[in-house]
Amino acid sequence: MRNKTRGLPALATAIVLSLVLSACSGNNAANNKATGDSSGANALAETENGPLTKYDPPIKLRSTMNETGKETLAQGDTHSNNVWTRGYEEELGIKVSYDWIVADANYNDKMNVTMASGDLPDLLKVSTVQFEQLYKAGMLEDLTEVYDKYASDLVKEYYSEEDGAGLKPVTKDDKLYAMVSFGGSLDSSDMIWIRKDWMDKLGLSEPQSMQDIIQIAEDFTFKDPDGNGKQDTYGISLNKDLPINAFLLGYHGYLETWTQNAQGEIVNGTTQPEVKNGLAELQRLYKEGVIDPEFGVKDFAKAMEDVNAGKSGILFLPQWAPFQVKDMIKKDKNVNWVPYPVQSIDDQPAKTQNHLGLGGVFAIRKGYEHPEALIKLLNFQAEKMFGESAKTERAKYLNGDTGLGFQNAVVANLPPNKNVKAQDEVEIALETKDTSKMGLEAKLFYDDIMAYRGGDLDKWHMERIFGPLSSQSVIKHYRDKDLIVMNEFIYAPTKTMNSKQATLDKLRAETFVKIIYGSLPVDDFDKFVTNWKKLGGDQITQEVNEVVKGN
């Protein structure tokens with residue numbers, strides 16, 4: 001299955017992740033002190049066998065670490081000795097050590113070697129595939145009871161989001177075998193970004209249908225939206241990775257998603273006839289010159305160069321798109337990219353296709369004496385970053401209030417879907433000018449937006465992500481109108497996926513590009529479906545149905 005963040009540059013990834021992770025619970029902890037009162041972390045710690053009760057005598061816990069976040073360590077600190085490891089020992093009585101520390105790119109390979117050796121650390125930070133291997137080998141502790149007993153209210157609140165979807169991939173026979181870093185699904189929502197300044201110049205109305213989107217794309221191509229007297233623009237920007245989800249959703253084609261059909265079977269969206277209808281329209285638009293004529297040989301970065309040069313007016317990107325075009329606004333403040341929900345070609349509402357976001361899996365090796373330590377470490381990270389003690393201690397544990405120092409924690413979790421909740425607070429504050437009830441993160445976003453409105457063009461992207469007319473407001477529209485189709489398959493890749501998925505993805509990419517180019521007729525989509533099934537698709541579908549129905 002394809003990664004929804006495909007093409008997201010590293011910097012944007014870091015910043016978006018920071019925005020998510022720096023979400024604040026909004027709880028009022030003004031009176032919480034480091035010692036001596038009965039609120040916040042101390043109240044939790046004072047409870048016998050509570051979520052943050054300190055081990056006495058201290059215990060030892062071995063784990064492993066990747067080097068992401070190295071630049072956020074305080075001067076003189078290391079991954080083995082930093083504010084987090086010292087906090088674990090001083091406040092929880094857990095002395096964390098690392099068997100090995102490697103670059104992030106090498107982490108999975110190193111973990112595979114460790115698993116093969118049989119000498120497992122106490123706390124395992126693994127991928128979903130590695131989790132399945134360890135579970136099937138009977139090498140993991142059952143965490144069901146320790147989670148129920150030790151998880152703080154804050155941590156349980158996070159994992160209850162989206163009907164507890166975050167823990168489903170690590171729950172087997174109603175028993176919990178791992179915890180996860182769970183960011184929710186909302187930020188994966190598809191949307192359509194359009195140059196509204198071009199729409200205004202051409203007298204075009206806001207899109208209300210797929211037909212409107214197509215008309216806008218055609219007018220952007222043929223009616224000289226940049227006013228230079230040349231036909232040198234095109235409506236739709238694409239690249240060879242085919243970011244066409246937001247277009248196909250208008251035809252109810254869920255290209256990246258496993259959905260349930262009327263017979264209760266799980267089917268792959270790639271092969272559904274709705275996709276063929278969308279491809280037929282893309283072929284027509286390409287033939288007319290509405291789509292970048294060289295998209296099939298351009299990668300994401302090259303395509304964005306054209307967009308930033310003012311050559312295209314429609315993008316199919318998720319909520320982080322403003323990071324990609326913010327420099328345009330610094331050069332010309334009249335440029336105005338605006339996000340819109342996906343639109344429908346008929347009388348049925350168009351829906352986004354969302355995906356569960358798992359940032360990592362945390363498990364305990366079979367036989368470790370203190371499996372509850374994992375839960376306490378998660379409680380600790382949540383409390384320091386988002387709990388009642390966050391206002392006094394958050395900056396110490398991060399690289400300032402909005403920093404990325406969370407990567408140095410041995411385990412970390414997200415407040416799922418916090419961005420859209422922060423947007424709610426920002427929008428209300430912009431209307432009322434009352435910031436007194438805002439959480440820390442929302443207030444920072446509000447300040448950035450006010451700075452933009454005061455003339456700081458460097459902050460434009462915050463207006464378009466968290467302001468009233470923003471990507472998070474589009475996500476809120478999907479959420480509130482029940483316009484989200486979730487991927488039914490949220491588990492580790494099946495056996496045949498591991499061996500055949502790359503072949504199927506290549507077949508799809510090559511076929512779809514040729515269809516859009518017109519070098520293959522649209523009806524060749526049917527041949528593609530037949531080949532997809534023969535080359536492993538049928539076997540994968542069978543395995544997916546077995547996994548989904550067995551969980």
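Residue numbers count from 1 along this sequence. If you're wondering where the values come from, they're calculated on a predicted model, not measured in any experiment.
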Checklist entry - Taking 4.0 angstrom as the limit, do Glu294 and Lys311 come out as a salt bridge? => result no
Checklist entry - Between Asp447 and Lys443, does at least one N-O distance fall below 4.0 Å, as a salt bridge requires? => result yes
Item to check | Phe528 and Phe512 aromatic ring geometry - parallel, tilted or perpendicular at 30°/60° bounds | outcome: perpendicular
Next on the checklist: Does either side chain, that of Ser471 or that of Arg464, offer a donor lying less than 3.5 Å from an acceptor on the other one?
Outcome noted: no
Next on the checklist: Could you check whether Lys549 pairs with Glu265 (Lys NZ or Arg NE/NH1/NH2 to Asp/Glu carboxylate O, under 4.0 Å)?
Outcome noted: no
Checklist entry - Is the Phe323 ring parallel, tilted or perpendicular to the His461 ring (thresholds 30°, 60°)? => result tilted
Item to check | NZ (Lys500) with more than 12 external heavy atoms under 6.0 Å | outcome: no
Checklist entry - On the ring face of Tyr135, is Lys172 found with NZ or CZ under 6.0 Å from the centre and within 45° of the axis? => result yes
Checklist entry - Do any N or O atoms from the side chain of Asn487 and from the backbone of His355 form a donor-acceptor pair under 3.5 angstrom? => result no
Item to check | Donor + acceptor pair across side chains of Asp224, Gln231 (<3.5 Å) | outcome: no
Checklist entry - Would you call Glu463 and Arg453 a salt bridge, taking side-chain N to carboxylate O under 4.0 Å as the test? => result yes
Item to check | Considering all heavy atoms, the nearest Arg479-Leu186 contact | outcome: CD-CD1, 4.3 Å
Checklist entry - Hey, are Asp482 and Lys351 close enough for a salt bridge, meaning a charged N less than 4.0 Å from a carboxylate O? => result no
Checklist outcome for this item: Correct closest heavy-atom pair for Asn334 and Asp197 would be O-CB, 3.2 Å
Checklist entry - Has Lys298 got more than 12 heavy atoms of other residues, nucleotides or ligands less than 6.0 Å from its NZ? => result yes
